[in-house]
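Only one structure is covered here, and it is reproduced in the block below.
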Amino acid sequence: MSVSMTGSGEIATPVESSKSAMTWGPIFGGAAAAIGVTLILLLLGSGVGLTMVSPWSGQSSSLGTVGVTAAIWLVVVQWLSSGLGGYITGRLRTKWAAVHTDEVFFRDTAHGFISWALATIFVAGFLASSLTSLAGAGAQAVGSAATAASSTASAADLPTAYFTDALLRPEQARAGATSDDAAATAEVSRILLNGAAAGQIPDDDKAYLATIVSARTGLSEADARTRVDTVLKRIDDAKVAAQKTADEARKAASTTALLGALSLLIGAFIAAAAAAFGGSQRDEEEDLIVTPRI
């Protein structure tokens with residue numbers, strides 16, 4: 001604390017308040033209001049969103065429409081709850097006496113920001129717990145699928161089985177295909193799986209597949225080769241479609257993350273501005289104490 005000397009020789013000591021500039025009561029009150037409004041609006045949005053989807057064909061909105069609507073609603077929820085929470089924080093705080101106007105403005109905005117941060121942390125924890133429950137259910141489904149898949153050949157055993165088939169591939173493949181349907185079907189599956197893992201099927205495998213198809217279906221070699229090429233093209237098209245879907249999901253996730261971060265920043269600004277506005281309304285009328293003249 002600095003002490004200065006006036007021109008008349010008097011000592012001037014600055015006045016410092018012993019009270020903290022942080023008032024937690026209004027902060028918690030504004031955060032509670034923001035959390036309550038957020039949960040109510042999220043439930044309302046979920047109810048409205050369920051009316052947009054339907055298991056019946058032609059009666060449901062497109063996936064893009066549902067996604068855009070959900071993103072817009074989440075932004076609206078964030079901004080409304082932030083504004084209400086910040087305003088309540090500013091109005092509930094006790095007026096500071098003998099504090100500069102700029103300092104009052106800063107404290108109000110800081111209180112609004114902290115209230116927004118508490119509400120955001122709580123809502124994020126609530127959503128994370130909900131997602132954890134959904135992830136647990138998904139993990140059980142994945143475990144069941146893994147148990148079922150364990151009865152088939154593992155990915156590590158597939159290359160060995162494929163090369164074993166290639167070594168023992170008979171010269172007269174037509175006779176083997178017609179005599180043992182189960183073995184032919186299993187060998188075709190291994191060829192297709194190896195081709196999917198390698199990214200392409202060699203020409204000798206395609207010729208061998210055409211021979212097996214011709215023996216099983218009675219088609220000519222040329223027609224069987226055409227059928228093999230058609231099926232392989234359908235497999236490639238399905239692979240490209242899956243990659244396109246994954247890439248679209250990646251772009252959607254990236255856009256959602258960026259918009260979510262921007263929405264949170266704007267929500268923080270709205271909460272701080274609303275707290276400053278509430279504080280200015282709180283300080284509009286001054287309380288005056290009338291003392292009798294002596």
Side-chain angles (χ1 to χ4, degrees), residues 23-93 108-142 245 248-279 281:
T23 307
W24 286 104
I27 291 176
F28 285 123
I35 292 169
V37 171
T38 299
L39 295 180
I40 293 173
L41 293 179
L42 285 178
L43 290 176
L44 178 62
S46 299
V48 175
L50 289 176
T51 62
M52 300 177 61
V53 296
S54 174
W56 304 105
S57 177
Q59 298 184 8
S60 178
S61 301
S62 64
L63 183 60
T65 301
V66 174
V68 171
T69 304
I72 293 175
W73 182 249
L74 289 177
V75 172
V76 171
V77 169
Q78 165 71 17
W79 292 0
L80 288 178
S81 60
S82 298
L84 179 62
Y87 181 78
I88 290 178
T89 300
R91 288 302 299 268
L92 292 181
R93 186 189 57 74
D108 282 333
T109 55
H111 278 65
F113 175 78
I114 296 173
S115 176
W116 165 86
L118 289 177
T120 301
I121 292 172
F122 179 88
V123 173
F126 173 79
L127 294 178
S129 63
S130 301
L131 294 177
T132 301
S133 300
L134 294 176
Q140 293 180 356
V142 171
T245 301
E248 291 177 352
R250 176 190 61 81
K251 292 179 180 179
S254 176
T255 303
T256 301
L258 294 176
L259 289 178
L262 180 61
S263 175
L264 288 175
L265 290 176
I266 297 177
F269 173 79
I270 291 175
F277 177 70
Q281 288 188 333

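Position 1 is the first residue of the sequence; numbering continues from there.
Evaluation of the salt bridge (Lys or Arg N to Asp or Glu O under 4.0 Å) test over residues 251-278, restricted to residues two or more places apart or in two chains, returns Asp247-Lys251.
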(request) Evaluate the side-chain contact (heavy atoms from CB on, under 4.5 Å) criterion for residues Val37 and Val77: first the C-alpha distance (whole Å), next the side-chain angles of each, then the deciding distance (0.1 Å), finally the verdict. (result) CA-CA 8 Å; Val37 171; Val77 169; over 6 Å; no

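The line from CG of Leu41 to CH2 of Trp79 is 14.5 Å long, rounded to the nearest 0.5 Å. Here CD1 of Ile270 is found 8.0 Å from CD of Gln78. Values are rounded to the nearest 0.5 Å. Taking OG1 of Thr109 as the start and CD1 of Ile114 as the end, the distance is 9.5 Å to the nearest 0.5 Å. Note that OG of Ser81 and CG of Leu84 are 8.0 Å apart. Values are rounded to the nearest 0.5 Å. The OG1 atom of Thr38 lies 9.0 Å from the CG atom of Leu80; values are rounded to the nearest 0.5 Å. Taken from CD1 in Ile35 to OG1 in Thr120, the straight-line distance is 9.0 Å, to the nearest 0.5 Å.
More than 12 heavy atoms of other residues, nucleotides or ligands lie within 6.0 Å of CH2 in Trp73, so this atom counts as buried by the packing criterion.
Here the closest heavy-atom approach between residue Ala119 and residue Ala31 is recorded as CB-O, 3.8 Å. The nearest pair of heavy atoms linking Gly30 to Ser115 is C-OG, 3.2 Å. Considering every non-hydrogen atom in both Ile88 and Ala33, the closest pair reads CD1-CB, 3.5 Å. Gly83 and Ala274 make their closest contact through O-CB, 3.3 Å (heavy atoms, listed as atom of the first residue, atom of the second, distance).
No side-chain donor-acceptor contact under 3.5 Å links Ser82 to the backbone of Ala268. Remark: the backbone N or O of Ala275 is not paired with any side-chain donor or acceptor of His111 at under 3.5 angstrom. Checking side-chain atoms of Ser263 against main-chain N and O of Leu259 turns up no donor-acceptor pair under 3.5 Å.
Asp108 places none of its side-chain heavy atoms less than 4.5 Å from the side chain of Thr89.
In this structure, Ile121 has no side-chain contact (heavy atoms from CB on, under 4.5 Å) partners at least two apart in sequence or on a different chain.
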